[in-house]
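As structure tokens, the structure follows; a few thoughts come after it.
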Protein chains: 2
Amino acid sequence: MRITAVEEYGLRCLLTLAGKGTSGQMSISEIAEKEGLSIPYASKLLGILRRAGLVVAARGRTGGFSIARDPKEIGLYEILTALGGPLIDPNHCQKYSGQLDECVHFANCSVHDILGGLAGFVQDFLSKTTLQDLLAGNTSRRLFIPEKDLVVLNKAALSAELTEAPTTPEPGA
Amino acid sequence: MRITAVEEYGLRCLLTLAGKGTSGQMSISEIAEKEGLSIPYASKLLGILRRAGLVVAARGRTGGFSIARDPKEIGLYEILTALGGPLIDPNHCQKYSGQLDECVHFANCSVHDILGGLAGFVQDFLSKTTLQDLLAGNTSRRLFIPEKDLVVLNKAALSAELTEAPTTPEPGA
DNA sequence: ATGATACTTTACAGAATTGTACAGTATTTG
DNA sequence: CAAATACTGTACAATTCTGTAAAGTATCAT
């Protein structure tokens, strides 16, 4: 489970463009130089971003790329899935079924449950973090919280938890 | 960003073994058949798990694999990193520096901040979810919570948030 | 002892991903 | 209109990952 190269570089290119604002513009050459990428590679990445509707391209002599929307309106989830596909393949069960025709855990597959749940979890986090957050350096808003202070719970169960066991959250199953 | 095949299958093999308990045992053949994998491939996966200290192997005629520790003591984070390497490469900046000698964002790299933060976030979630949770089907404890009820916040800021804005959490930056 | 069984290790073919090369199309400037 | 500039699309070499193959080592039953 890792960030792919395309996701990494693509996100950076988009971030650079976002820094110029909606009315700003940069050519592939400029972006490539700023990010230390080759021009053909930057072209490919920008092409992906354009087809995903995240940037708009102007052709011709005075052409270049601009960010398609306000950075506040672009979540990381949309960006990363555009660049690297879905977090969990929708046909996961079908794809990873080994030599059998279908997933051997088809009926009751806790692995898929947990991985699907993780994906939703990551998606939630990534969706709520926007390009604007990255631009503003707002990484500390949801990040860098000491682990002991980090909780991920159902709100309803949380009120009780806050007044009872401050250290080890254990809501009813 | 995705779950790799080795992570997926390796986790399943480990889960199957965990179902037999610490004193239980299964041969590669049995595991391979149960998971729909080829015997050589299952061998490779079990080898990885063994070197990571997650399973123990007994050689010889009555040999086989057993889970190394109580499933309650094995978190998903340990498993997935053993099978697929770290979520974020420690030498991320060095590796993904394009054609330059070092990451062009070296001094102030919000991309690395956010990705590193995400990794810590995922790590926290995965560490707190154990094999036992998967065995018991306890996927609902931290999963399948409606998004509107899901909060990820600093505890200190949370008490105030619970009494003020129940829908859109916005702690001070 | 000896053979059967089962884990261990290394090497390798096929597939997917990465990054590059290059020819093509569109637009502006003079 | 013609040249320059910049995006677009396809094809391809290099690398990495996936899954297989096969030879080797250890242990137990007889």
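Convention: sequence-line order gives letters A, B, ...; per-chain numbering from 1. Scope of the values below: all heavy atoms of this structure, side chains included, with no hydrogens, waters or symmetry mates.
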Common cluster, A:Ile48/A:Leu46, ILVMFWY with side-chain heavy-atom separation under 4.5 Å: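 As far as the 4.5 Å side-chain criterion goes, A:Leu46 and A:Ile48 are connected within one cluster.
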Determine whether B:Leu80 and B:Leu135 fall in the same hydrophobic cluster, where Ile, Leu, Val, Met, Phe, Trp and Tyr are linked whenever their side-chain heavy atoms lie under 4.5 Å apart.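 Both belong to a single hydrophobic cluster.
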Give the rounded distance in Å between these two atoms: [atom1] of [X] and [atom2] of [N].
X	N	atom1	atom2	result
A:Met26	D:dA6	CE	P	13 Å
B:Arg61	C:dT2	CZ	P	17 Å
B:Leu45	D:dC17	CG	C1'	13 Å
A:Leu46	D:dG9	CG	P	13 Å
A:Ile3	C:dT17	CD1	C1'	16 Å
A:Ile39	C:dT20	CD1	C1'	12 Å
A:Leu37	C:dT20	CG	C1'	13 Å
A:Ile48	C:dT17	CD1	C1'	11 Å

Would one find a side-chain N or O of [X] under 4.0 angstrom from OP1 or OP2 of [N]?
X	N	answer
A:Thr62	C:dT27	no
A:Ser27	D:dA6	no
B:Arg51	C:dT9	yes
B:Arg50	C:dT8	yes

Of the nucleotides C:dT27, D:dT8, C:dA11, which has the atom closest to the A:Ser43 side chain?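 So the side chain of A:Ser43 is nearest to D:dT8.
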Residue A:Tyr41, side-chain atoms from C-beta onward, closest of C:dT20, D:dT20, D:dC7: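 When the side chain of A:Tyr41 is considered, C:dT20 is the closest of C:dT20, D:dT20, D:dC7.
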For B:Gln25, which residues count as a side-chain hydrogen bond (donor to acceptor under 3.5 Å, both in side chains) partner, sequence neighbours excluded?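 B:Gln25 satisfies side-chain hydrogen bond (donor to acceptor under 3.5 Å, both in side chains) with no other residue.
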Any heavy-atom pair between the side chains of B:Lys34 and B:Arg12 that's under 4.5 Å?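 When only atoms from C-beta onward are counted, B:Lys34 and B:Arg12 do not touch, as no gap falls below 4.5 Å.
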Which sits closer to the 5' end of DNA chain D, A:Gly60 or A:Lys44, going by the nucleotide each is nearest to?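 Result of the comparison: A:Gly60.
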Any donor-acceptor pair under 3.5 Å between the side chain of A:Arg59 and the base of C:dT25?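 Counting by modelled atom types and ignoring angles, a donor-acceptor contact under 3.5 Å is found here.
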In terms of side-chain geometry, is the basic nitrogen of A:Glu30 or A:Lys20 positioned less than 4.0 Å from the acidic oxygen of its partner?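 Answer for the salt bridge query: no.
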